[in-house]
S.K.: 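Quick one: structure below, then a few questions.
All values reported here derive from a predicted model rather than from experimental measurement.
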Amino acid sequence: MRTDRELAERILELALRGGAEDAEVFQRASRMLSAEVRSGEVSAVERAVGMGYGVRLKKDGRPGFYYATQEEGAESAVQAALEAASYAEPDEFLVFPEASEPGDTPTWDERVGSITEEEAIERALQIEKSTFSADARVKRTRKAMASFSEGETLVVNTRGVSQGYRSTSLESQMGWGFGTGRFLDEVDFRAVGAEAASRAASMLGARKISAVKASVVLESHVAAEFLSIFAAMLSSENVQKGKSLLAGKTGQKVISENIDLIDDGLLPTGPGRRPVDDEGVPTSRKVLVKGGVLKGLMFNARTAKKGGTASTGNAVRGRFSAPPAVGPMCFCIDTEMEKKSLEAMFASIGEGLYIIEAMGMHTANPISGQFSIGVSGIWVEGGKPAYPVKEAVISGDVLSFFGNVMAVGDDLRFYGNIGSPALHIGPSDISA
């Protein structure tokens with residue numbers, strides 16, 4: 001399971017011989033091991049190994065792309081990419097980055113890379129055992145899962161880029177409990193199970209409430225779901241396509257002055273951290289919103305050329321079989337405010353809803369910013385948790401919602417490449 005630099009160089013040579021002005025090879029090799037347990041028994045163990053590469057090129061100003069999974073398919077992949085270019089429309093903004101020094105951040109944990117099947121199962125069992133021990137009212141679990149991955153990425157192009165790195169990642173999940181990181185020490189498997197038990201037990205006896213306008217506190221993973229909508233709005237690709245509410249708003253106040261929004265591909269504890277993006281451009285810390293004012297967007301090489309600026313190192317590929325899009329590395333909330341504990345937030349709102357689950361977040365409209373989603377959580381009275389609430393609905397628009405941030409929690413957590421602490425949002429519409 002390794003990338004092959006010699007193969008990449010040979011593909012570039014074939015592309016240039018075939019008439020390409022520029023070309024790029026993106027390789028990714030991976031290995032994954034996951035274990036699921038239920039009621040103390042192993043329910044599934046899965047292994048997967050893969051390697052593939054994408055060939056992207058420009059011929060006569062036209063883009064071509066193709067991918068393959070076998071070394072012996074290199075010639076065919078190049079020919080297919082060249083043929084695809086002959087049918088494509090010219091793209092004046094298609095460019096390939098120049099070589100530059102990569103960022104410096106740790107991405108490889110030998111312990112994750114060498115994890116055994118027995119160790120993976122034991123970690124999954126730890127999650128389930130901690131769920132039962134955390135609350136006696138928990139009698140049954142659906143499944144506990146622990147997943148461990150290692151990978152190697154290589155980006156080589158005809159402009160001098162030749163960047164590669166190894167990475168590991170792990171994920172643990174049980175119901176409402178979740179943990180992710182690149183290093184083994186970054187995930188507490190027992191805490192994941194205890195968290196799942198606590199959230200499930202807290203919703204026992206949930207009731208409906210009448211329509212009301214009240215403050216809400218978003219649990220960190222719910223806040224991260226809302227933040228993922230904002231991350232999509234900050235994509236230059238979406239802005240240039242007219243699919244973002246933030247189009248034309250650079251330099252304007254768009255949300256609360258209490259928070260900053262950053263994307264930092266070198267964040268030491270960010271699960272998505274990496275030295276370069278998926279075009280080989282160095283990652284870095286970018287303040288996209290400062291004091292509520294929109295300062296910039298996330299760019300890859302193409303959208304940067306179209307926008308008359310430089311790539312911000314935000315080229316991402318979900319897989320080697322697709323060209324790069326624009327996306328976050330480690331996108332999160334930052335603030336200069338005093339960070340509050342959850343208890344302090346409850347005390348400050350006096351009465352309101354602590355939201356621990358949101359349903360239908362994908363229905364939010366990134367162009368208008370409008371949302372109406374189902375939520376459940378805990379009703380707060382007198383600054384203290386009172387009783388669980390189910391089948392409530394909150395509605396509004398994303399910019400106004402983030403424009404009403406009153407306080408930020410001290411519990412920043414990442415869920416994938418999006419991170420957030422708990423957030424206190426001022427009076428919001430809550431309906432039954």
S.K.: Salt-bridge test for R56 and D22: reply yes if a basic N is under 4.0 Å from a carboxylate O, no otherwise.
M.R.: no

S.K.: I need the minimum non-hydrogen distance between L227 and C332, along with the two atoms involved.
M.R.: CD2-CA, 4.0 Å

S.K.: For the side chain of Q27 and the backbone of D4, is there at least one donor-acceptor N/O pair under 3.5 Å apart?
M.R.: yes

S.K.: Is the closest basic N to carboxylate O distance between E6 and R10 below 4.0 Å?
M.R.: no

S.K.: Indicate, with yes or no, if the rings of F371 and F226 have centres closer together than 6.0 Å.
M.R.: yes

S.K.: Drop me the distance from T250's OG1 to Q252's CD, to the nearest 0.5 angstrom.
M.R.: 8.0 Å

S.K.: Would you mind checking if R182 and E186 are paired as a salt bridge, meaning a charged N to carboxylate O distance below 4.0 Å?
M.R.: no

S.K.: Please round to the nearest 0.5 Å and tell me the distance separating atom CG of N238 and atom OG1 of T303.
M.R.: 10.0 Å

S.K.: Which label fits Y415 and F178: parallel for a plane angle under 30°, tilted from 30 to 60°, or perpendicular past 60°?
M.R.: parallel

S.K.: Please indicate whether K249 has more than 12 foreign heavy atoms, meaning atoms of other residues, nucleotides or ligands, lying under 6.0 Å from its NZ.
M.R.: yes

S.K.: Hey, mind stepping through Y67 and V55 against side-chain contact (heavy atoms from CB on, under 4.5 Å) and telling me if it holds?
M.R.: CA-CA 6 Å; Y67 69 93; V55 182; over 6 Å; no

S.K.: Walk me through whether S395 and S372 qualify under side-chain hydrogen bond (donor to acceptor under 3.5 Å, both in side chains).
M.R.: CA-CA 4 Å; S395 56; S372 181; 4.9 Å; no

S.K.: If I take atom SG from residue C330 and atom CZ from residue R273, how far apart are they, to the nearest 0.5 angstrom?
M.R.: 7.5 Å

S.K.: Return the CG to NZ distance between D334 and K290, rounded to the nearest 0.5 Å.
M.R.: 7.0 Å

S.K.: Is a side-chain donor or acceptor of E128 paired with a backbone partner of G40 at a separation under 3.5 angstrom?
M.R.: yes

S.K.: Any donor and acceptor pair, going by atom type alone, linking the side chain of N417 with main-chain N or O of P328 inside 3.5 Å?
M.R.: yes

S.K.: Ion pair present between R166 and E110, side-chain N to carboxylate O less than 4.0 angstrom?
M.R.: no

S.K.: Quick one, V161 and V156 - any side-chain contact, counting heavy atoms below 4.5 Å?
M.R.: no

S.K.: Going through the checks in order, is the salt bridge (Lys or Arg N to Asp or Glu O under 4.0 Å) test met by K58 and D91?
M.R.: CA-CA 9 Å; K58 180 170 65 173; D91 186 351; over 6 Å; no

S.K.: S198 side chain to A194 main-chain N or O, any donor-acceptor pair under 3.5 Å?
M.R.: no

S.K.: May I have the step-by-step check of side-chain contact (heavy atoms from CB on, under 4.5 Å) for I367 and L245, ending in yes or no?
M.R.: CA-CA 5 Å; I367 301 176; L245 188 59; over 6 Å; no

S.K.: Mark yes when over 12 heavy atoms from residues, nucleotides or ligands other than E338 sit less than 6.0 Å from its CD; otherwise mark no.
M.R.: no

S.K.: Of all heavy-atom pairs between F183 and V112, which one has the smallest distance, and what is that distance?
M.R.: C-CG2, 4.4 Å

S.K.: Check for me whether the distance between the ring centres of F346 and Y354 falls short of 6.0 Å.
M.R.: yes

S.K.: Is a side-chain donor or acceptor of S149 paired with a backbone partner of M32 at a separation under 3.5 angstrom?
M.R.: no

S.K.: Hey, what do you get for NZ (K286) to CG (L297), rounding to the nearest 0.5 Å?
M.R.: 12.0 Å

S.K.: Verify, without hydrogens or angle tests, whether S244 (side chain) and M233 (backbone) share a donor-acceptor contact under 3.5 angstrom.
M.R.: yes

S.K.: For V408 and M337, work out which heavy atoms get closest and say how close.
M.R.: CG2-SD, 4.4 Å

S.K.: Looking at T335 and N258, would you say the former's side chain and the latter's main chain have a donor-acceptor pair under 3.5 Å?
M.R.: yes

S.K.: Taking the basic N atoms (NZ, or NE/NH1/NH2) and the acidic carboxylate oxygens, is any pair closer than 4.0 Å for R28 and E150?
M.R.: no

S.K.: Using modelled atom types only, decide if a donor and an acceptor are shared between the side chain of T168 and the backbone of D109 within a distance under 3.5 Å.
M.R.: yes

S.K.: Got a salt bridge between E119 and R111, using NZ or NE/NH1/NH2 to carboxylate O under 4.0 Å?
M.R.: no

S.K.: Taking the basic N atoms (NZ, or NE/NH1/NH2) and the acidic carboxylate oxygens, is any pair closer than 4.0 Å for E257 and K253?
M.R.: yes

S.K.: Quick one: is the NZ or CZ of R274 closer than 6.0 Å to the six-membered ring centre of Y165, and within 45° of its axis?
M.R.: no

S.K.: Is it true that atom NZ of K243 has more than 12 heavy atoms of other residues, nucleotides or ligands lying nearer than 6.0 Å?
M.R.: no

S.K.: side-chain contact (heavy atoms from CB on, under 4.5 Å) for Q240 and V326? Distances and angles first, verdict last.
M.R.: CA-CA 12 Å; Q240 291 171 359; V326 177; over 6 Å; no

S.K.: State whether the side chain of D260 and the backbone N or O of I333 hold a donor-acceptor pair below 3.5 Å, judged by distance alone.
M.R.: no

S.K.: Picking from D278, T283, D263, what satisfies side-chain hydrogen bond (donor to acceptor under 3.5 Å, both in side chains) with N314?
M.R.: D263

S.K.: Supply the atom-to-atom distance E92 CD to L94 CG, rounded to the nearest 0.5 angstrom.
M.R.: 11.0 Å

S.K.: What is the minimum heavy-atom distance between A29 and M51, and which atoms define it?
M.R.: CB-CG, 3.5 Å

S.K.: Does the pair R159/E24 count as a salt bridge with the N-to-O cut at 4.0 Å?
M.R.: no

S.K.: Would you tell me whether S420 and R413 have side-chain atoms, one donor and one acceptor, within less than 3.5 Å of each other?
M.R.: no

S.K.: Starting from the C-alpha separation in whole Å, work towards a yes-or-no answer on salt bridge (Lys or Arg N to Asp or Glu O under 4.0 Å) for E117 and R47.
M.R.: CA-CA 9 Å; E117 184 175 304; R47 292 178 177 273; 3.7 Å; yes

